[in-house]
Structure formats: C-alpha cells, structure tokens
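Heads up, the thing below is written out as structure tokens.
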Amino acid sequence: MAQYNPPLRDLQFVLHELLDVSSEFKQMPSHADIDADTINAVLEEGGKFAAEVLFPLNISGDAEGCKLDKVTHEVTPPTGFKEAYAKYVEGGWPALSCDPEYGGQGLPHTVNQCFYEMLNSANQAWTMYPGLSHGAYECLHAHGTEEQKRLYLTKLVSGEWTGTMCLTEPHCGTDLGMLRTKAEPQADGTYKITGQKIFISAGEHTLAENIVHLVLARLPDAPAGSKGISLFIVPKFHINADGSVGERNAIHCGALEHKMGIHGNSTCQMILDGAVGTLVGQPHKGLAAMFVMMNAARLGVGNQSLGLTEVAYQNAVAYAKDRMQMRSLTGPKSPDKPADSIIVHPDVRKMLLTARAFAEGGRALAVYTVVQLDKELSHPDEDVRKEAADEVALLTPIIKAFITDNGWLATSHCMQVYGGHGYIHEWGMEQYVRDARINMIYEGTNTVQSLDLLGRKILGDNGKKLKAFGKKIAEFVEEEGVREDMQEFINPLADLGDKVTKLTTELGMKAFGNADEVGGASVDYLRVVGHLTFAYLFARMAKIALDKQNSGDPFYTAKLHTIRFYFAKLLPETASLIRTARAGVAPLMAMDEALF
Ligand SMILES: Cc1cc2nc3c(=O)[nH]c(=O)nc-3n(C[C@H](O)[C@H](O)[C@H](O)COP(=O)(O)OP(=O)(O)OC[C@H]3O[C@@H](n4cnc5c(N)ncnc54)[C@H](O)[C@@H]3O)c2cc1C
C-alpha cells in the first residue's frame, strides 16, 4: 500500500536549525510574534490534513479523472475532492499566509510553503485547485483596485471562491505577445472579452461557489506584441454590488484536455464569448501584473516536484526494505530468508539516495528562498527588502527548473526501484512519474527558465544578483574553511563557485558575439548554478550535522550520509555540464534545417 508520512522532522531542521526563521521573523513587525512552536503546531496539523484527507484520494483521483457535462458545461472532479476541499476551507487553510485585512491569518509565506510541500506530496492534482487561487490572490492583492479587492479578496482568502490564470491560447504559449483574445470597452467601464484559452488548470469545477479567472487579452488600441496585453478579472458568475453571486458570465469550459498525468485536476479549454470583465492595473501592462501570479506559480511548481520527490522516495524505501531479490555481492545479509532485501544492492541505494538528496536539497533551497520572499515583503529596512527581492528573482527560475528536473529523475528512479511493479498502476509509482512530468513544462518551460536565469537575471544585470549570492557563499567558505572536518564540503563548494564565475564571464563574452550562445548553454548553465545552491546549503547543513553527530540522534547521522552521497555522486555532474555549456552553440546550429 502506498504511504505518506509528513517529513516534519526535516522541515523543522530546515526551518529552525538551518535557517533560524524565528530570528528572521522577529525583525519583521508583522511576523515578530511567530515562534518555532506555533510554526511546528501549524505544520503538524497541516501534515495530518495532507496525509489523512488528501493522500487517500490520490490514486483514485488519478484513475477516475474529471468529467465534463457538455450541456451544462459543469466539470465534476473525482469523488472525494469536493468534500476534501470543504474540509480545507473549514480548517481555514486557504487563509494561512494571507493579509489579515481580508480575513487572512497573516502567517509568513514560509509556513505556507512548507504546508504546500505536504499537500503536493499527498495529491498534486487536488492541490492545484487552491494553489492557483493563492496565485490569483497575490496578483489582485498587488494590482487590484480597492473595489476589486473588496469584492474578490475575502472570498479567495476564505476559499469560498477559487482562481485561475488564463494565458495560453492554441497558437501561443511561450510567446504570449501573440495572444488574440479581445477586450472591448463598454460604456459602464467594464469590458466584453472574447476568445479561446486552452490548458487552463482548475478552469471549471464544482469545488467552490465561484471561479475568478484572471485573463490576458488585448484592447482595441493595443500595440502589437507583449506590450499590448492587458489583464482582466472575469468571474464565472457575475458579482452583485453587495458581493453576492449573480448570473452566469459568458465564459465556459468547451472541453477537457486528455493528458498524461494530474488527472484529478481539470485542464480546460475555456471559451469566452463576450464575457464581462474588469481591468486589473493599467491598460497594456497586464503581463507585468500577471508576473506576480506567474512568479508565485513558478515557486509553486518547484514545490510540486519537491512534494512528489519526497513521497516517491518514502514509498521506494519501504519497498526496497521489503522486496527480496538476489543476494548481496558480499554474501547473504539475511541468510535465514530466501533472498536479501533489494536495499542491499549498491545501485538500488544510489537511486534511493538520489531521490533523498534531491528532496532534502530541494526543501532547503525552497524554504531558503521563501524566507527571502518574506523579507522582500515584510522587512522594515528598504535595503534588506531590495537585496532579498534580488535573491528571490535569481533563485525563482532555479527552483522552477532545477527542482522539477530533479523531481523527474527522482520519481523515475523510485519507479525503477520497484522493477516491473513500478510500471503497474496500483502501486502508485508510475503516477508520480506522470504527474512530475508536467512540472517541467508549464509555468514557462524549463528551457525558458534557463533563458530567464542566464539571459535576463545574470547577464542582463552584469552578474550583480549572482555576485551578491556568491558573496554569501564566499563568506561561508571563509568562515568554515578553517575547520578540518568541513574540508570535504568546503573545497568542492569553493571550487564550483570559482568555476561558475569563470563560466559566466566566458558565456557573457561569447554572447556579445552571438546571442544564440546564451540559448546553447543556458539549460546546462542553470543546472550548474542549481548545484551551486545545493552545495552551499548542503555544506551549511553539514556543519550543523557535524556539530550534533554525537548527540545520539540518528537524524544527524543520516543527514551527513546523505550530504556525503550528494558531494560524491551527484555534484560531480557539474564537470560534464560545464564542458557541454562551454562547447558552445555551433554543434546545435551548424546543421541546415532541411537536413533535419
Ligand atoms: C496540464 C497543463 C496545465 C496548464 N495550465 C495552464 C494554466 O493554468 N494557465 C495557462 O495559461 N497555461 C497553462 N498551461 C500551458 C503551459 O503553460 C504551456 O503549455 C507552456 O507555457 C508552453 O507553451 P506551449 O505549450 O505553447 O509550448 P511552445 O511555446 O509552443 O513551446 C514548444 C517548445 O519550444 C520551446 N521554445 C519556445 N520558445 C523558445 C525559445 N525562445 N527558446 C528556446 N526554446 C523555446 C519550448 O521550451 C518548448 O520546448 C498548461 C499546460 C498543461 C499541459
């Protein structure tokens, strides 16, 4: 039977021992009262909700999928999803890190991040319904008018309504500048919006009373390209002046997409036929406003794969201890049994440890980044806010792409641990692989993330953000480099830091001569920088584990083993990535298109 145990101990380690979040929060007036006990209590309850309410619906939701009624256009999610959503709302979970002015509980985003990791482990498809609502909340909170906030925010915060993001159209996904959906201004200040959106997650469902669609469209006088896109709120049901739900708006689900994974989430083709909407932010500046939601969603997608990595790992470990096949190469380990458990075989251990290291490294990176996000939003010192914002901007594409690429590798390894049984539906392992695959594609493909990292975030600001992050690493190397027992971690970290600096300079020079050089190197480059972030955080975790390894708590022993595995078996991948990044774009572009 599939299982999921919320990784509370490791979350607490990252939050309190690695990042000392309570001290960070003390500096932020809005979070100054939040202590470790409160955070732990919230996560313990959140873990129960994930494991007891959502996890039992994961395999059944995948098998059943969503159903569209072609007459009413209603979409029914799998059995149990609606009841689980009602419990989620009843428990006040949607409000966790929302603004108290709109009914939120005002907890740091960091707490929400950890809670969402557990939801994603338990059931990624279900978690996308509230996950998108939270993104819509963030976007309207940042860019909505007072009236829009009054009408929509409390309902999104309470969970009575959910949200979506409607960007993609049949002919445009990455290149949103080409979108065609039209918005016609009306005399009463509203807009009538007409067009077709595809692939809209949670676009239609019966979990909530209303759905708040955030739609990108063009005004009649819009300049061509991405500078002519505006953002609109289009509710599924009109909202009366007193905030109550009115008649159906002219937006509906025309069809459900049939897809590889996340079957429990409704991926909808949405038809807008003169649907009434209101403008969010300035005309033609919609993409910038939507980026609030997209950035939140990018961190959220990395978190989806982190959740899948953890749950796949837990199940693969249980299976590897239980399944007996063959004898250990060094002689029987269970001589009284017909064979040894497969966990004795080195390569099975390699697959398990890879998933474990990706989960622990990913968790540290994701929580580290969201602490910076809390600083960006809530720290009283403007310089600190700016510095934190730069770091979040730098790390967001890494979280999205590195953690989701790792999630794909990890879930695939964990499936492999099961042998043929991993390929069979009832064990649940092939579902993790299928669910993990989309995370590399949506919210800007991982290639697009790598171009954002190298082209915009690094070369675009002359490496300023990367240097600031590198300075933190250099300080840590300097401080801990004197410790004999830290050499095994500090030396490769310092070495990789130097190599990243050299590689960045080299790519920057090449890009001056040929802009395609960025595209030829960016995917490898992102993975190298992803490893740099992991190596930094793992080295910091190693210091704590070394200091506590004699405490008698096996947690620290296991942590050290995982970190040593990471430095010995995963980090060296950077050598070949640096080589392929340096090999340049010529081998990719030399062949004439006709020869393909
Ligand atoms: C299950 C699912 C759920 C989704 N949910 C939503 C949602 O809720 N809302 C929403 O609006 N959209 C959603 N999407 C759409 C998703 O965000 C897009 O599919 C994605 O951004 C890629 O766009 P595309 O499919 O049009 O691919 P394309 O843009 O056509 O890209 C095709 C390939 O070309 C590559 N490519 C494109 N441009 C470049 C470039 N400049 N350099 C290098 N390579 C490039 C891409 O990386 C990709 O490999 C969803 C998609 C799926 C499948």
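Whatever order the structure lists them in is the order used to number ligands and atoms, beginning at 1. Nothing here was measured: the structure is a model prediction, and the numbers come from that model.
- Within 4.0 Å of atom 51 (C) of ligand 1, at least one protein heavy atom is present.
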I'd like a table of donor-acceptor pairs (distance under 3.5 Å, sequence neighbours excluded) in which one partner is a side-chain atom from residues 455-464, with atom names and distances.
unit_1, atom_1, unit_2, atom_2, d
R456, NE, D452, OD1, 2.9
R456, NH2, D452, OD1, 3.2
K457, NZ, A393, O, 3.0
K457, NZ, D452, OD2, 2.8
D461, OD1, G463, N, 3.1
D461, OD1, K464, N, 3.0
D461, OD2, K465, N, 3.2
D461, OD2, K465, NZ, 3.2

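- By the 4.0 Å N-to-carboxylate-O rule, K197 lies close enough to E169 to be salt-bridged with it.
- When non-hydrogen atoms are compared, ligand 1 lies under 4.0 Å from the backbone of T168 as well as from its side chain.
- Ranking the protein heavy atoms by distance from atom 20 (C) of ligand 1 puts I441 O, 3.8 Å first.
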Donor-acceptor contacts, no H, no angles, side chain residues 278-301, under 3.5 Å, sequence neighbours left out:
unit_1, atom_1, unit_2, atom_2, d
T278, OG1, Q148, NE2, 3.1
N295, ND2, F291, O, 3.4
R298, NE, E443, O, 3.1

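- Protein heavy atoms all stay at least 4.0 Å away from atom 45 (C) of ligand 1.
- For H109 and Q113, the side-chain atoms include no donor-acceptor pair closer than 3.5 Å.
- Inside a 4.0 Å radius of atom 33 (C) of ligand 1 there is not any protein heavy atom.
- Protein heavy atoms are absent from the 4.0 Å sphere centred on atom 36 (N) of ligand 1.
- The aromatic ring centres of H531 and F402 sit less than 6.0 Å apart.
- From the protein, the heavy atom lying nearest to atom 7 (C) of ligand 1 is F199 O, 3.2 Å.
- Here's the thing with Y442: none of its N/O atoms is less than 3.5 angstrom from an N/O atom of ligand 1.
- Protein heavy atom nearest atom 48 (C) of ligand 1, with residue, atom name and distance: T445 CG2, 4.0 Å.
- For atom 43 (C) of ligand 1, the choice among T447, N265, T174 with the nearest heavy atom turns out to be T447.
- Considering backbone and side-chain N/O atoms, S201 comes within less than 3.5 Å of an N/O atom of ligand 1.
- The shortest N/O to N/O separation between I200 and ligand 1 does not fall below 3.5 Å.
- Counting only heavy atoms of the protein, atom 21 (O) of ligand 1 lies nearest to G444 N, 3.9 Å.
- Donor-acceptor pairing under 3.5 Å is lacking for the side chains of T76 and K67.
- Under 4.0 Å from ligand 1, the heavy atoms of I438 that appear belong solely to its side chain.
- Under the 4.0 Å distance rule, the nearest protein heavy atom to atom 23 (O) of ligand 1 falls inside the cut-off.
- With ligand atoms numbered from 1 in the order given, ligand 1 contributes 17 (O) to contacts under 4.0 Å with heavy atoms of E443.
- Between T267 and ligand 1, not a single N/O pair is under 3.5 Å apart.
- Shown here, atom 30 (O) of ligand 1 is out of close reach of the protein: none of its heavy atoms lies under 4.0 Å off.
- With ligand atoms numbered from 1 in the order given, ligand 1 contributes 7 (C), 8 (O), 9 (N), 10 (C), 11 (O) to contacts under 4.0 Å with heavy atoms of M165.
- Contacts of L451 with ligand 1, taken as heavy-atom pairs under 4.0 Å, involve the side chain alone.
- For atom 26 (O) of ligand 1, the closest non-hydrogen atom on the protein side is G173 CA, 3.1 Å.
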